[in-house]
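Notes follow once the structure below has been shown.
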Amino acid sequence: MGKRLGKWFISMKTAMLAVIIGLLVYLAVPFSAFAADPSGAETLAHNPQSPVDYVWVLVCGFLVFFMQAGFAMVEAGFCRAKNATNLMAKNTIDFVVASLVFMAFGFALMMGNDYKGLIGTSGWFLHGANYDVGKYLMFFWQLVFAGTAATIVSGAVAERLKFKAYFLYSLAVTAIVYPIYGHWVWGGGWLSKLPFGVGHVDFAGSGVVHTIGGFVGLAGAIVLGPRFGKFGKDGKPRAIPGHSIVLAALGTFILWFGWFGFNPGSTFSAHQLRIAVIAVNTNLAAAAGAAVAILLVFLKTKKWDVGMMLNGCLAGLVAVTAPCAWIEAWAAVVIGSIAGLLVVLSVYFWENIGVDDPVGAVSVHAVNGFWGLISVGLFADGTYGLGTTEGPLVKGLFYGGGLGQLIAQAIGAVVCVAWAFGLGLIIFKVMDKCFGVRVLPHEEIKGLDIGEHGTPAYPNFYTFNN
Amino acid sequence: MGKRLGKWFISMKTAMLAVIIGLLVYLAVPFSAFAADPSGAETLAHNPQSPVDYVWVLVCGFLVFFMQAGFAMVEAGFCRAKNATNLMAKNTIDFVVASLVFMAFGFALMMGNDYKGLIGTSGWFLHGANYDVGKYLMFFWQLVFAGTAATIVSGAVAERLKFKAYFLYSLAVTAIVYPIYGHWVWGGGWLSKLPFGVGHVDFAGSGVVHTIGGFVGLAGAIVLGPRFGKFGKDGKPRAIPGHSIVLAALGTFILWFGWFGFNPGSTFSAHQLRIAVIAVNTNLAAAAGAAVAILLVFLKTKKWDVGMMLNGCLAGLVAVTAPCAWIEAWAAVVIGSIAGLLVVLSVYFWENIGVDDPVGAVSVHAVNGFWGLISVGLFADGTYGLGTTEGPLVKGLFYGGGLGQLIAQAIGAVVCVAWAFGLGLIIFKVMDKCFGVRVLPHEEIKGLDIGEHGTPAYPNFYTFNN
Amino acid sequence: MGKRLGKWFISMKTAMLAVIIGLLVYLAVPFSAFAADPSGAETLAHNPQSPVDYVWVLVCGFLVFFMQAGFAMVEAGFCRAKNATNLMAKNTIDFVVASLVFMAFGFALMMGNDYKGLIGTSGWFLHGANYDVGKYLMFFWQLVFAGTAATIVSGAVAERLKFKAYFLYSLAVTAIVYPIYGHWVWGGGWLSKLPFGVGHVDFAGSGVVHTIGGFVGLAGAIVLGPRFGKFGKDGKPRAIPGHSIVLAALGTFILWFGWFGFNPGSTFSAHQLRIAVIAVNTNLAAAAGAAVAILLVFLKTKKWDVGMMLNGCLAGLVAVTAPCAWIEAWAAVVIGSIAGLLVVLSVYFWENIGVDDPVGAVSVHAVNGFWGLISVGLFADGTYGLGTTEGPLVKGLFYGGGLGQLIAQAIGAVVCVAWAFGLGLIIFKVMDKCFGVRVLPHEEIKGLDIGEHGTPAYPNFYTFNN
Amino acid sequence: MRKIEAVIRVEKLEEVTDALEKFGCPGMMVTHIEGHGRQKGITEQFRGREFKVNFIPKIKIEIVVKDVDTDKIIQLIMSTVKTGEIGDGKIFIYPIENIVRIRTGEKGEVAV
Amino acid sequence: MRKIEAVIRVEKLEEVTDALEKFGCPGMMVTHIEGHGRQKGITEQFRGREFKVNFIPKIKIEIVVKDVDTDKIIQLIMSTVKTGEIGDGKIFIYPIENIVRIRTGEKGEVAV
Amino acid sequence: MRKIEAVIRVEKLEEVTDALEKFGCPGMMVTHIEGHGRQKGITEQFRGREFKVNFIPKIKIEIVVKDVDTDKIIQLIMSTVKTGEIGDGKIFIYPIENIVRIRTGEKGEVAV
Ligand SMILES: Nc1ncnc2c1ncn2[C@@H]1O[C@H](COP(=O)(O)OP(=O)(O)O)[C@@H](O)[C@H]1O
Ligand SMILES: Nc1ncnc2c1ncn2[C@@H]1O[C@H](COP(=O)(O)OP(=O)(O)O)[C@@H](O)[C@H]1O
Ligand SMILES: Nc1ncnc2c1ncn2[C@@H]1O[C@H](COP(=O)(O)OP(=O)(O)O)[C@@H](O)[C@H]1O
């Protein structure tokens, strides 16, 4: 039975594209009439100030897209040379699939007209009334975020997950997991309407993007089990060094750079001058996270651990993503510092309980995404509202906002974990039943580049295969 | 005679710079008076909304510049380690030469006052009345495009063309080939005035940049002949794997990123909110191209071919460059998908007829640039005009625009191919007569890095020389 | 005694963070009241055109931040594989330290209320009245510049300086050296008020950023002494090839890209349409520098020297940084060409007098930063003022501005050198007394990656250790 | 004294080393080589085109041993690296005239 | 049995391998080495400064053969890699005591 | 003729080469190997976790010499690379049957 289903998956995969195209062509004809403002003339006439907002959102969106390169480099750098081609393949395909699937279904489910606070129900295939500059702008923005959530997972399942499985996983996450939870928080869904504080808030996606991606990744890592050699016969975790610290650092710089689009751009408007504060907070949290992480490991091993510093930097960025618009500079430093502490503890923790997360994706995104959501309930200082300078203002415990916001954040965070981890387990388990998600032992030993792609990443170099 | 000419070229080369500087100094004195609005004060007074347009055009221009890094990485990744230094040299020098030559001649030929629809005739050395913020802005924009056209060729002639020849080729392309054809389409030349449809249109340069670059590259590849070992004694093509899939992927991400400046920025104004639609279309075509390419090769070899996926992604981007402003999302997916199909067939085709295109530059840029031009005549949906929301609107066959636009596109495309391929052949043939464009056999075998530059790219690594 | 001090440094280092956090928490409570315009509502109301300026400054700031990646890649590429991890660590930590320290002290010293033209005295910890969108924007901009100044040094002291020493050096430079000199030029300090020309001017920081960084680097290189093997027993300089020309080229492209934020962004306003001229000048100088450098070396060695071309490109960028807003295109070409000449001579010069500057940081930043400052006094054409289109306009010798401006530039340049080199010597000498700034001989031979970090950069590759 | 030279599969290196250490084997030299033998090379592909790779990465281990240990060590190696599949590799035994420990200058069996 | 060890030019590897395969040569070990001999090293440069590189990349081929084949194979190698230019390399012939095929445990000539 | 094979510290290669050249040594083959012996491996770390590396990069030098030169060259090598610290390496001397200079076809000592 698993076998048949497996076959089915494959045929489905190759069919997918034809279907999409067919559908599109079919849908094309009738609706084009209903097009709203495809040229943007009316929109501009109605709001002559909109160009600067469009420029801001698009440029920030481009930066967020560029984070794909950052993830690819960080993951490649933290994994072995024999799997580098595979990591490039996965980090590309997830955004490719996200682009097509999110346009077809995801966007409608996330941002379409709300149905009972659960899902969106309009905008399939960006069609009809969605042929509008404003709608396309929003789609572009949400798409690059969906792509980010998807790509986070590749790090946690690296060096052993089949490409095919990753292909299908990308489909599932960008068509269902991400958009539905996203609807609950950003699409006018029930979480945003919680009767505590101003409802659950997540400014730029510590939860929607990072906690989701991180916990789906955790599920994947658990279903797959650890890589050969990650745990000694004595069960003790062993280090498996990545093949290029330079790539890892380059990737981190690219991500840091992209995050300046990710967080400030989430105002979705340049008229929110708060973007300056957001940029500063984003940067300070990254710096604090990196500093704390490298100093902590130095105290333990007396060596300056670059890999951990890079993880710490990313942890700070993930954590500050939710609160970045509602806090002051000093709070960003505190939040980032705690993220740096958490990521170090977390990396050791998962290894010690036998979970193999090759690049630290779970520690960085899952754990600190969660921390980021909570931190809003503590540090929000009541100087800024929901993407607007008007009220309701977001106020946390430390600024006399009481427990309300903290509760709203906690509920959202827990729901996020349950949803992502639960669906993640289902997705990977089902695929595993059907065709096995893990490559064969000898393929894993030789490296996925040969087995899955037939293309070693560095054919001109003498590489070790450890 | 060839010898003497050869000598002449060399002395010329070293003299070039002195001359340019001399000229500039000379020209400097008299005209400065005629300067138009060098400070921008009048321009701003006259159009208080211009700052956002300047920001948009400059930022997009920066992104287009960054594509130089993308091309360098893709080409290096797809070629062998022993030629990596040479590829870095070429990918840098072409933009260096473009900057100086386009400022001296190219810009005037392309955007200067039109003479009989054939060439521009003013603006030499950005001088006199061109010392104006608006003129400088336009120059910057056109320059980064010229640089892109020039750099495309380096991939097709990789691993065997002399650096000297590439240096001179860059001169010729940015001084003559690119600007003159560019004038015909974007400088108010005859192609833009064709009596079919709205005249030949090419929104962001599938033709002006990519078809031109691609076909000059094809000419170069033909004059050079294939690399040693590309074809077996039996004449059958053999794979020569590139030395880093990671660099190839990084480069592709950078190019994809830069393309968001390339296409949307081509509105040359942020007040065209259509930029949102352009960004979405650009991204969808890239995704569709990548998806189709990797799936096609999978059906053939049962392996997930990353190299081809990257080519497919770029093919989709090239194809959508011309139509991006005039089509709907679903059309972008279709155009990109066809590009993905074309690039795969094309890669096999050129190899089978004995043309050696190391990185697939011809298949990506020449073939899909052509397809992009044609696609406008089919998918343009009549919702947008020539960089403005007012008419005349561009309408293709599938939207009841009849054959007019398609004919205009076909004519332009054919002219583009003839012009680029013809001049390309002349340029490379003449150089070959004078001093031989190809490195000596033993240099090619040892790698151009040693022979031409004396600097191996990776002296600390153990590399194979295959 | 040196020993005790050494110990003290270490404890201090680990304590640093705790202190900062403590302080912040402490300071947080009382002042939040005094916050100026944290949400940006008033600022927007007061100047409805500000959004485009905020977008411009932030986006350019992001690009400047990205230069960190550029420096990391260039330095890694020009150094040996065995020190690549160490270079990644240093290029990350300097920005991390800069972010935290500049926020705590540097920004206040540089941009706070002026005290006798010597230092700024307000804005510690971005606190109280500094919780304002405008202040945060300015902080962000100044921070990325401070980070750039700091990171320049890592190249000159590469492959032998202890990480600990670099950590502390970063502290000193971003807390004192950079901000105080910066105050003199950009903070309303005495240099900006010199009674010559319009006072000493430095548009985007040839002096404030590059000359400062370059001369502190020179001091470091001198205190450290040359790397093993840099000079033969005969005392003759020997080449120590870097481990990746590809990384060096990638880094240069990233820097070139980032410079488009560095220079044009320094208008701090998008309403200065002069940004178009600045972008063009920036690009032309880079191109001219690269062209001259590669041609010069070719005349000497008959090889196309890529490493020197990349240095030449950066030299042109550094040189044009000060004059970029006040000159015409042709002048940018001349200034860049001279920079290309200077960098070549300078690289040979420093080596011949026994200074070991592994990546050419001194030749690129120190020497050409100086040249950039002087060039303003020669080429400023009187079409533009001090970040405004109104007067006083900046006019140099060649445009009938007389010697005034040239004198102002010369004074500033000399002061810059004295300040940077003097403090640089003190910083490195003091650290050397306390704990020795240079790693142990066997660590240097094995590479700093193992000794300082325990993490070789490329564990999967067969590397030579020369 | 003899030199034992064994060509083995890359993935077996760790096991062999452990086994030899347990046995108290004096020392060894490990070289990454490319082997060519009965074992057929794999098929790779690049940008859509497939090609055969005739060389297979192998590990070459060289150990100089006292005559008495020779057979034991050969047995040891065989038992750890043998899979029965083509590509297991081979062991070559060479005569050796002398050996010197640079550090001490000791010669002959004591230097092993 | 003997071991034939040949140092050849990097670019000759493919040709030699083909020739040996045709001859039906059992197997071989290929090592990338750096050679130092009569052939003068090349001059490289970095950031404007030239320097000599004294080591030249070479390929070392090792083949263990039956005594009867020794000369034929030596001839074969010489005829394929000889260019007459300095740097052609050398062939060294060593005695070998025994050889074992790990997969089967066969010893001596049959294991070649 | 004999083959002298020396395992030395990576950082000693340059010195040895110079010394051998001065001595007028015919030629040599240099191989980058990983050694395993008395010298203990170092401890590395990755993302916070430490681990031991049991192999130490070493350089293997192979020189084929005339019998008369054997001892002189061994002395030469020892004197240049000896530090007295563990890890100095060893020198192995092998018999060699014959040697051919491919370029000329010369055989025996003249080909050395
Ligand atoms: N006659 C030989 N001379 C040198 N090396 C050999 C010889 N025969 C085999 N080898 C080496 O042993 C390795 C394994 O041998 P192979 O024939 O592939 O499998 P098996 O050992 O099972 O017969 C080869 O890759 C080659 O490096
Ligand atoms: N006596 C020797 N011992 C070891 N290797 C040698 C010896 N002589 C030459 N070689 C190797 O042979 C290679 C080619 O020899 P070389 O002297 O350069 O040219 P030719 O073989 O034409 O004399 C050298 O690079 C070196 O690796
Ligand atoms: N019996 C042996 N067989 C092969 N190689 C050996 C042997 N003994 C030592 N070596 C090589 O010599 C190197 C140095 O030897 P080691 O024991 O570390 O120090 P020392 O030479 O001072 O005893 C080792 O790394 C190993 O490569």
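First the proteins, then the strands, lettered A, B, ... as listed; each starts at 1.
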Under 3.5 Å, side chain of C:H453 to main-chain N/O of A:D305, donor-acceptor pair present? no
Test your reading of the model: is there a side-chain donor-acceptor pair from A:R274 to the backbone of C:G40, 3.5 Å cut-off? no
Atom [atom1] of [X] and atom [atom2] of [Y]: how far apart are they, to the nearest 0.5 Å?
X	Y	atom1	atom2	value
C:K164	A:F298	NZ	CZ	7.0 Å
A:L247	C:M88	CG	CE	9.5 Å
A:I245	C:T85	CD1	OG1	5.0 Å
C:Y458	A:Y458	OH	OH	9.0 Å
A:F253	C:Q68	CZ	CD	5.5 Å
C:F62	A:T282	CZ	OG1	8.0 Å

Give the member of [options] that has the highest number of heavy-atom pairs under 4.5 Å with chain A.
options	result
C:L137, C:V52, C:L44	C:L44
C:N460, C:V96, C:N86	C:N460
C:D132, C:L143, C:T92	C:T92
C:P459, C:G454, C:A41	C:P459

Closest heavy-atom contact between [X] and [Y]?
X	Y	result
C:P51	A:A270	CB-O, 3.4 Å
A:N283	C:S99	ND2-OG, 3.0 Å
A:V246	C:A84	CG2-CB, 3.7 Å
A:T389	C:S39	CG2-O, 3.5 Å
A:A279	C:L58	CB-CD2, 3.9 Å
A:A329	C:M103	CB-CE, 3.6 Å

Taking side chain as C-beta onward, heavy atoms only, is A:W330 less than 4.5 Å from C:L126?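 No; the side chains remain at least 4.5 Å from each other.
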Do A:V306 and C:T455 have side-chain heavy atoms sitting under 4.5 Å apart? no
Ring pair (Phe, Tyr, Trp, His ring centres under 6.0 Å) partners of residues 273-292 of chain A, not counting sequence neighbours, each pair once: none
A:E328 vs C:Y136, side-chain contact (heavy atoms from CB on, under 4.5 Å): CA-CA, chis, key distance, verdict: CA-CA 10 Å; A:E328 228 180 318; C:Y136 270 55; 3.9 Å; yes
Largest heavy-atom contact set with chain C, pairs under 4.5 Å, which of A:L296, A:V277, A:T463: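 Looking at each of A:L296, A:V277, A:T463 in turn, A:V277 comes out on top.
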Looking at A:F398, A:F257, A:Y384, which one has more heavy-atom pairs under 4.5 Å with chain C than the rest?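 Winner by heavy-atom pair count: A:F257.
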Using the ring centroid of each side chain, check whether C:F95 and A:W256 are separated by less than 6.0 Å.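 Distance test on ring centres: under 6.0 Å, yes.
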Please classify the contact between [X] and chain C as side chain, backbone, both or neither, with a heavy-atom cut-off of under 4.5 Å.
X	answer
A:Q272	neither
A:F461	side chain
A:L63	side chain

At a heavy-atom separation under 4.5 Å, does C:I450 approach chain A through its side chain, its backbone, both, or neither? backbone
Relative to each other, are the rings of C:F66 and A:F66 parallel, tilted or perpendicular (30° and 60° limits)? perpendicular
Validation: residues 71-82 of chain A side-chain donor-acceptor distances under 3.5 Å, sequence neighbours left out:
residue	atom	partner	partner atom	Å
A:E75	OE1	A:N91	ND2	2.9
A:E75	OE1	A:S154	OG	2.7
A:E75	OE2	A:S154	OG	3.0
A:E75	OE2	A:G155	N	3.4
A:R80	NE	A:E159	OE1	3.3
A:R80	NE	A:E159	OE2	3.1
A:R80	NH1	A:N466	O	3.0
A:R80	NH2	A:E159	OE1	3.1
A:K82	NZ	A:I445	O	2.9
A:K82	NZ	A:N465	OD1	3.2
A:K82	NZ	A:N466	O	3.3

Quick one: do the A:D381 and C:Y131 side chains pair a donor with an acceptor below 3.5 Å?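 Side-chain D/A pair, A:D381 to C:Y131: present.
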So for atom NZ, which belongs to A:K303, do other residues, nucleotides or ligands contribute more than 12 heavy atoms lying within a distance under 6.0 Å? yes
